[in-house]
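Remarks on the structure that follows.
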Protein chains: 2
Amino acid sequence: MVRKKVKLAFMENSAERKVSYRKRRKGFLTKARELNTLCDVELATLVNNPYHNEPELFPNHEAATGMFTKFIDLLEEKK
Amino acid sequence: MVRKKVKLAFMENSAERKVSYRKRRKGFLTKARELNTLCDVELATLVNNPYHNEPELFPNHEAATGMFTKFIDLLEEKK
DNA sequence: CAGCCTATCATTAGAGC
DNA sequence: CGCTCTAATGATAGGCT
C-alpha cells in the first residue's frame, strides 16, 4: 500500500475530501478534548459542517455559546 | 527511554503540564489549519491561554470574531 | 456511502542542553 | 525556562467490505 504524503492543499476529489473530513473532524475534536482535559485549557470551537446545516460545537452547544458570548462582550467593553 | 502511556486526565505536574500545553496547542492549531485547508471547512477556535491574558484565536482575531458574532446572531434570530 | 483495517506518516513525552 | 532530539504512541490515507 503506497500512501501519499499529505500536502497542505485543498483536496480536489470530492469523495476523498468527504472521507478525509469525517476522519479529520474526529481527530480535531479529539485534540481539542485532550488539550482541554490534560492541560486544563478552556477552549471552544465552531465547525461549519459543509455537509449539514448545523455547525458543530466543542465542548458542547451551551458551553461554546457561553464562551463566544463572553468573548464578544469583553471586546465590546474595550471599545 | 521509557515513555508513559498518555491517559486522558489532568496533568498534576505543573511543569510537565505547561510543556505539554505548548506542544499540544501547536498541534491543535495545525489540525485546525489542516481541516480548514484540506477539506475546505470553515471553522473558528477560541483558546483561553492559561499563561497569558489574551485568548488565542483561529484562523485570526477578525475572522474568528466574525464567525462567533454571526453564530450568536443566528441563535438570537431563532428565538 | 459509511465503517473497519493497517501500513505509513504525524505528534508528542521524556530526556538532554 | 525553552529549544532540540527521538523513541514511542497516535492519527489517517488508501484499500476493502
Expected rows: protein N/O vs nucleotides 1-3 of chain D N/O, under 3.5 Å:
residue	atom	partner	partner atom	Å
dC1(D)	OP2	K18(B)	NZ	3.1

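The closest donor-acceptor contact from the side chain of T65(B) to the backbone of H61(B) lies under 3.5 Å. Side-chain N or O atoms of T37(B) include one that pairs as donor or acceptor with a backbone N or O of R33(B) at under 3.5 Å.
For the helix from dA2(C)-dT17(D) to dC17(C)-dG2(D), the end axes, each set by the C1' atoms of five terminal pairs, are bent relative to each other by 30° (nearest 10°).
Computed from coordinates, the E34(B) CD to dA13(D) P distance equals 9 Å when rounded to whole Å.
Taking the six-membered ring where tryptophan is involved, the planes of F71(A) and F68(B) are perpendicular, since the angle between them exceeds 60° and thus also 30°.
For the OP1/OP2 pair of dT12(C) and a distance below 4.0 Å, the side-chain nitrogens and oxygens of K31(A) include at least one atom meeting the criterion. Distances shown here put a side-chain N or O of R24(A) below 4.0 Å from the OP1 or OP2 atom of dT12(D).
Both L43(B) and F28(B) belong to a common hydrophobic cluster when Ile, Leu, Val, Met, Phe, Trp and Tyr are linked at side-chain heavy-atom distances under 4.5 angstrom.
In this view, V19(B) and R22(B), K23(B) satisfy the side-chain contact (heavy atoms from CB on, under 4.5 Å) rule, not counting sequence neighbours.
A salt bridge links K78(B) with E54(A): the closest approach of a Lys/Arg side-chain nitrogen to an acidic carboxylate oxygen falls below 4.0 angstrom.
Of the candidate nucleotides dT11(C), dA13(C), dA13(D), dA13(C) has the atom lying nearest to any side-chain atom of S20(B). Residue E16(B) has its side chain nearest to dG14(C) when only dT11(C), dG14(C), dA11(D) are considered.
If you check distances only, the side chain of K23(A) never reaches the base of dA11(D) with a donor-acceptor pair under 3.5 Å.
Counting all heavy atoms, side chain and backbone alike, R17(A) lies closest to F10(A) at NH1-CZ, 3.1 Å. P59(B) and A64(B) get closest at one heavy-atom pair: CD-N, 4.3 Å.
Heavy-atom distances to DNA chain C give each of T30(B) and M11(B) a nearest nucleotide, and the one nearer the 5′ end belongs to T30(B).
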